[in-house]
Protein chains: 2
Amino acid sequence: MAEALDDLDALLHDAQRAARALAIVPAPRRHAAIEAIAAGIEGAADAILAANAEDLERGRANGLATGLLDRLLLDPARIAGLAAAARDLAALPDPVGEVLRERTLPNGLELTEVRVPFGVIGVIYEARPNVTVDLACIALGSGNAVVLRGGSAAERTNAVLVAAMQDAVEGAGLSRLAVQTIDRFGREGAGRLMRARGLVDLLVPRGSAALIDRVVTESTVPVIETGAGVVHAFVDRAASLPMALEIVLNAKTQRTSVCNSLETLLVHRDIADEAVPALAGALAEAGVAIHADAALPGGVAAAPLGEGGWSTEHLSMDIAIGVVDDLDAAIEHVNRFGTHHTDTIITDDAGAAERFLAEVDSAVVMHNASTRFTDGGEFGFGAEVGISTQKAHARGPMGLPELTSSKWIVRGSGQVRS
Amino acid sequence: MAEALDDLDALLHDAQRAARALAIVPAPRRHAAIEAIAAGIEGAADAILAANAEDLERGRANGLATGLLDRLLLDPARIAGLAAAARDLAALPDPVGEVLRERTLPNGLELTEVRVPFGVIGVIYEARPNVTVDLACIALGSGNAVVLRGGSAAERTNAVLVAAMQDAVEGAGLSRLAVQTIDRFGREGAGRLMRARGLVDLLVPRGSAALIDRVVTESTVPVIETGAGVVHAFVDRAASLPMALEIVLNAKTQRTSVCNSLETLLVHRDIADEAVPALAGALAEAGVAIHADAALPGGVAAAPLGEGGWSTEHLSMDIAIGVVDDLDAAIEHVNRFGTHHTDTIITDDAGAAERFLAEVDSAVVMHNASTRFTDGGEFGFGAEVGISTQKAHARGPMGLPELTSSKWIVRGSGQVRS
């Protein structure tokens with residue numbers, strides 16, 4: 001039975017008070033709280049595993065897919081991984097207080113724009129318990145309170161994880177209300193979170209395209225849209241074919257279930273007769289199923305496109321291959337059918353590369369590199385909140401600074417406006 | 001009769017195509033287009049005045065308030081002002097292409113984060129025709145296409161202004177579709193604009209609290225919330241009373257109809273017996289009506305608070321005065337009842353000032369300065385899109401850089417992920 005939504009409002013007010021207190025806590029004390037979370041999770045391992053076993057059993061009884069059950073599963077090694085990830089986060093530089101701009105006006109007013117925490121960050125996500133710990137630690141690392149809404153499949157696990165984290169944060173001398181879960185308020189609780197203007201400063205959805213779509217559509221609080229990746233590689237007529245083979249195979253097959261994996265391969269018509277059979281052959285040999293909407297050069301066999309046509313995000317060993325007339329057609333295809341996540345051109349023609357980099361309207365545009373590099377860890381951010389595919393506030397991999405806002409501090413000596 | 005919404009979708013697709021072309025137009029050509037707009041408006045002055053006369057006549061017939069009629073009014077001097085403002089904008093530095101971060105990864109990948117235009121910026125605003133020209137020029141100055149939805153009261157004026165601007169932009173060699181109005185689609189058109197995900201990259205509402213609230217609530221595209229200012233001054237026990245008098249009078253009376261004008265004066269209890277009568281007396285002498293929710297020291301007469309209690313934004317010669325027990329109570333009052341716009345502390349106690357600056361959760365926090373300085377022009381931005389009171393993307397006065405996004409450019413030599 002979901003609790004009354006009045007209680008949820010009280011919880012959000014608690015979170016706001018905790019956030020205001022946290023905003024002025026120096027980084028060493030916040031980092032100590034994250035270290036305490038790592039130790040707390042290790043100490044609560046038995047309780048976490050017991051709760052996780054309950055969730056897994058209910059999941060199996062409810063016919064949850066094997067892939068989801070695997071995401072849900074915690075074992076001693078994964079718990080150790082959660083603690084290790086928390087310790088890594090505690091070692092990251094503190095973004096709060098960084099001076100972004102400063103100037104002294106002719107009248108003597110001193111203006112300073114500094115990074116400040118957002119305040120309360122809401123996270124709506126699906127089965128993965130690692131998000132529960134990651135996002136709580138990332139929030140503390142950027143001075144924010146966090147309100148978590150996980151998937152019902154992981155409800156018992158998340159409840160024990162959050163309780164362990166709250167005890168740890170309190171033990172480190174901060175308010176336990178800086179980390180809270182609203183899972184017990186059910187689906188209506190998520191809806192209220194999305195509309196909690198004035199209480200929630202930023203909402204981050206993590207999960208399926210359907211989840212993200214619901215959050216973006218229903219929310220009245222600012223949202224960072226993360227996620228879906230209909231990712232392209234364009235093999236230009238001036239491409240090195242061996243390099244193209246290596247990049248395309250890596251981008252498609254190194255890991256298929258992630259948003260930066262390759263979904264569509266476009267090949268310049270001038271080299272298609274040679275390149276398409278070579279690329280398709282190597283992909284097929286690696287176990288990738290080829291899809292196309294027209295006959296491919298060299299008689300390469302292909303299944304039809306997915307249900308979404310050129311906008312299909314397979315997240316599996318499937319790829320769509322298309323032949324385009326020229327660079328302009330490639331750019332237009334990417335901008336029209338892509339999700340503005342990551343797209344790469346493979347070419348030795350510097351001019352073509354620069355046009356692709358400038359004109360493809362995506363968070364990350366690449367030249368002669370695998371799309372799999374779009375990742376907070378690979379970019380050197382240390383932590384990743386997600387990959388923003390919108391243009392406001394943050395674009396591409398989001399680290400700690402992306403979970404901050406700014407404020408202007410104006411220091412005067414009695415100035416008035418004339 | 002509003003045109004079919006299918007035509008609006010076609011218009012938004014046109015805007016997106018124009019935006020993609022504009023994104024790679026060098027700044028000098030965009031600045032030339034803004035100069036052409038200035039000349040075009042001067043050249044079309046007679047047609048603009050005639051259209052404006054029609055709008056004014058309809059406004060009078062519909063019983064539009066005098067203040068609104070004045071906002072709507074254009075005369076030769078105001079038209080010259082529009083052209084001059086456009087020329088000022090054409091002289092501002094170009095934010096597009098600025099390098100925000102760069103690093104070379106150990107594997108040799110070169111990462112560069114650069115400023116890029118948003119793409120299509122939607123603006124929903126009320127009667128003022130100057131917004132029509134300002135926002136179109138600011139959009140061009142930051143490489144964006146703009147889709148304007150003005151108030152119906154100014155529909156004829158805006159139609160002539162937009163046509164003149166389109167002719168000017170086209171004459172300067174850019175697509176006239178970079179500046180468009182959707183006024184002819186009526187209220188439903190505004191609703192469609194708010195939900196045009198994938199076509200509109202950012203939506204900026206300008207106008208009343210009710211308008212902004214509607215846009216924030218209904219939009220599924222990213223919005224920058226601008227506006228409402230329940231602005232506070234806190235006169236601390238360690239304040240210089242002459243400085244407090246000067247700042248409070250300036251912040252309240254220098255211009256009352258603007259969002260950075262003072263609405264609430266808080267006074268520390270330790271000095272209230274002297275300070276409240278002095279401040280209230282000076283305000284009353286300047287013609288300001290005093291409001292309070294309790295008896296004020298020294299028998300200062302006061303009307304009740306406005307309908308919104310301590311959250312009332314008068315935008316008139318009215319002020320609420322309250323006595324608070326200490327700095328903590330002042331900070332709590334501001335965070336609870338304010339709109340996170342601008343708040344100032346007047347004190348000679350540096351420690352109290354730093355606490356106020358750190359703990360008041362507003363876009364602009366000030367020490368010993370008038371709140372009237374929160375303004376893009378005063379901050380030296382040259383242009384102002386509005387004042388953001390939200391924390392995502394931009395906070396405080398927004399200039400050209402705030403109308404840009406960023407993208408990551410990754411340059412490689414065949415790197416793949418292992």
Side-chain angles (χ1 to χ4, degrees), chain A residues 20 23-24 103 105 109 111 113 118-119 197 201-202 216-217 220 222-224 240 243 246-247 249-251 254 335 344 353 357-359 361-370 372-374 378-380 390-393 395-397 405-418, chain B residues 20 23-24 103 105 109 111 113 118-119 197 201-202 216-217 220 222-224 240 243 246-247 249-251 254 335 344 353 357-359 361-370 372-374 378-380 390-393 395-397 405-418:
Chain A
R20 292 207 168 126
I24 53 170
R103 59 179 64 178
L105 300 186
L109 281 181
L111 271 56
E113 186 189 25
F118 261 100
R197 275 181 72 199
D201 297 294
L202 187 72
V216 171
T217 306
T220 61
V223 171
I224 298 286
S240 148
M243 186 191 287
E246 202 175 355
I247 289 176
L249 274 174
N250 182 262
Q254 197 249 352
N335 283 336
T344 190
L357 296 173
E359 295 179 37
D361 183 22
S362 294
V364 185
V365 286
M366 297 181 168
H367 174 210
N368 289 347
S370 168
R372 289 278 294 117
F373 286 112
T374 295
E378 294 291 325
F379 273 35
Q390 72 178 35
K391 295 184 191 173
H393 188 69
R395 202 170 187 208
S405 178
S406 65
K407 90 201 282 189
W408 285 96
I409 294 174
V410 179
R411 292 184 170 91
S413 50
Q415 283 86 347
V416 297
R417 191 163 162 188
S418 52
Chain B
R20 292 208 167 123
I24 52 171
R103 59 178 66 178
L105 300 186
L109 282 181
L111 271 57
E113 186 188 25
F118 262 99
R197 274 181 72 198
D201 296 294
L202 188 73
V216 169
T217 305
T220 61
V223 170
I224 299 285
S240 147
M243 186 192 286
E246 202 175 355
I247 288 176
L249 274 173
N250 182 260
Q254 199 248 352
N335 283 336
T344 190
L357 297 174
E359 296 179 35
D361 183 22
S362 294
V364 186
V365 285
M366 297 182 168
H367 175 209
N368 289 346
S370 167
R372 289 277 296 118
F373 285 112
T374 296
E378 294 291 325
F379 273 35
Q390 72 178 35
K391 295 186 192 173
H393 188 70
R395 203 170 186 207
S405 177
S406 65
K407 88 200 286 189
W408 284 96
I409 295 175
V410 178
R411 292 186 169 90
S413 51
Q415 283 86 345
V416 296
R417 190 162 163 190
S418 52

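Scope of the values below: all heavy atoms of this structure, side chains included, with no hydrogens, waters or symmetry mates. Labels below follow one simple rule: chain letters A, B, ... track the order of the sequence lines, proteins then strands, and each chain is numbered from 1. Please read all numbers here as calculations on a predicted model, not as lab measurements.
Among the candidates A:A358, A:G396, A:A251, the residue making the largest number of heavy-atom pairs closer than 4.5 Å to chain B is A:A358. Here A:G412 is the residue among A:P397, A:G380, A:G412, A:A23 with the most heavy-atom pairs under 4.5 Å with chain B. Among A:I224, A:L202, A:D361, the residue with the largest count of heavy-atom pairs under 4.5 Å with chain B is A:D361.
For A:Q254, the side-chain hydrogen bond (donor to acceptor under 3.5 Å, both in side chains) test picks out A:R372, with sequence neighbours left out.
Within the model, atoms CG of A:L111 and CZ of B:F373 stand 10.0 Å from one another, a figure rounded to the nearest 0.5 Å. The line from NE2 of A:H393 to OG of B:S405 is 11.0 Å long, rounded to the nearest 0.5 Å.
Distance alone, capped at 3.5 Å, is enough to place a donor-acceptor pair between the A:R103 side chain and the B:F379 backbone. Although no hydrogens or angles enter the test, the distance criterion places no donor-acceptor pair under 3.5 Å between the side chain of B:R395 and the main chain of A:W408.
Taking each heavy atom of A:T217 and B:R197 in turn, the nearest pair found is OG1-NH1, 3.9 Å. The nearest pair of heavy atoms linking A:V410 to B:V364 is CG2-CG1, 3.7 Å. Contact between A:K407 and B:V365 at its shortest, heavy atoms only, is CE-CG2, 3.7 Å. Scanning both residues, B:R417 and A:N250, for their nearest heavy atoms gives O-ND2, 2.6 Å. Nearest heavy-atom pair, B:N335 versus A:R20, reported as atom, atom and distance to 0.1 Å: CB-NH1, 3.5 Å. The nearest pair of heavy atoms linking B:S370 to A:V416 is CB-CA, 3.9 Å.
Of the atoms belonging to B:S362, it is backbone heavy atoms, and not side-chain ones, that fall under 4.5 Å from chain A. With a threshold of 4.5 angstrom between heavy atoms, A:A392 approaches chain B through its backbone and through its side chain. Only the backbone of A:S418 comes within less than 4.5 Å of a heavy atom in chain B; its side chain stays farther off. For A:I247, the parts lying near chain B are the backbone and the side chain together; criterion is any non-hydrogen pair under 4.5 Å. Residue contact with chain B, scored on non-hydrogen atoms closer than 4.5 Å, involves the backbone and the side chain of A:I409 alike. The contact between B:L357 and chain A is made by backbone and side chain atoms together, counting heavy-atom distances below 4.5 Å. Using a 4.5 Å cut-off between heavy atoms, A:S406 contacts chain B through both its backbone and its side chain.
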